[in-house]
Enquirer: 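Before we start, here is the structure in question, set down as structure tokens.
Only heavy atoms go into these numbers, but all of them, side chains included; no hydrogens, no water, no symmetry mates. Counting starts at 1 for both ligands and their atoms, in listed order.
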Amino acid sequence: MRRPLIAGNWKMYKTITETRHLVSELVPGLQAVNGVEKAICPPFTALLAASALLEGTDIRLGAQNMHWESSGAYTGEISPMMLAELCHYVIIGHSERRTYFGETDETVNLKIRAALKQSLTPIFCVGETLRENEAGRTAEVVSRQVREGLKGVDLMLSGDFETELVIAYEPVWAIGTGKAATSEGANMVIKDIIRPALAEQYGVDLAQAVRVLYGGSVKAENAHEFFHAPDIDGALVGGASLKSADFIRIVQAAAKG
Ligand code: PGA
């Protein structure tokens, strides 16, 4: 059984003060929901404040990016070793990083390896652009991203049958556009493209154990549709994770399955 995970990707929103407000609003509502794993990924500057407020809760903390080296002369970068003191998760290869900051399958691969070495769980993002989708290239693009991102990466099943990796299928055309994929469409990509690509490298058992989230315009209003789909194990939520009432409703929807 894969336990659903709802992760909030706050992107470049929220100061430390705003983070304190939002986290205080989130904690009681999220703590009241059982059977769902919850995580928030604030910007780097707010991680420490968020981590203090999350102490003693079951809400996990994630970062949105990192460098792959442990330390060094890389002005402006944050290392996996630094994040390991604060975070459980780290988002890797988000399409905004690929589009605006030149991330490639190769750098994504380096980051996934580095995260695992520090016992950070990557939330590894894959997804096709609108152009690729319309050209019928979804399978080719997404399976390549999975294969190249995980090249040479050893994965293991833990005692509770979860892996130390989460994948997020985020079609680029659905991110921040208000135009979500259909749950059938997203389920199909996960079942017929992502899990088979994992099975090829790691075998069927592990491919079935990896949690694969859907991301792209998930809102309180449409969330429940995704959680009915058998191969969708939760959501990576952008815009709707910035409003406590909306994020709590999405987590509640995941608890109902
Ligand atoms: P969105 O973003 O929910 O605002 O579409 C999702 C994401 O970028 O992870």
Enquirer: Select all protein residues for which some heavy-atom-to-ligand 1 distance is less than 4.0 Å, and list them by chain and number.
Expert: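 Under the 4.0 Å cut-off, ligand 1 touches N9, K11, H94, E170, A174, I175, G176, G216, S217, L236, V237, G238, G239.
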
Enquirer: Heavy-atom distance under 4.5 Å between the side chains of N187 and F226, does that happen here?
Expert: no

Enquirer: Could you give all pairs that pass the ring pair (Phe, Tyr, Trp, His ring centres under 6.0 Å) test and reach residues 237-257, with sequence neighbours left out?
Expert: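 For residues 237-257: none.
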
Enquirer: Below 3.5 Å, can you tabulate the donor-acceptor pairs from side chains in residues 70-88 to any protein atom, sequence neighbours excluded?
Expert:
{"from": "S79", "atom 1": "OG", "to": "S70", "atom 2": "O", "distance (Å)": "2.8"}
{"from": "S79", "atom 1": "OG", "to": "M81", "atom 2": "N", "distance (Å)": "3.2"}
{"from": "S79", "atom 1": "OG", "to": "M82", "atom 2": "N", "distance (Å)": "3.2"}

Enquirer: I'd like to know if R147 pairs up with D105 as an ion pair, taking the criterion as any Lys NZ or Arg NE/NH1/NH2 lying under 4.0 Å from an Asp or Glu carboxylate oxygen.
Expert: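 D105 and R147: not salt-bridged.
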
Enquirer: Among residues at least two apart in sequence or on other chains, which ones pass side-chain hydrogen bond (donor to acceptor under 3.5 Å, both in side chains) with D192?
Expert: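 Applying side-chain hydrogen bond (donor to acceptor under 3.5 Å, both in side chains) to D192 gives none.
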
Enquirer: Have a look at N109 and tell me which of K111, E106, R113 forms a side-chain hydrogen bond (donor to acceptor under 3.5 Å, both in side chains) with it.
Expert: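 Looking at K111, E106, R113, the match for N109 under the side-chain hydrogen bond (donor to acceptor under 3.5 Å, both in side chains) is R113.
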
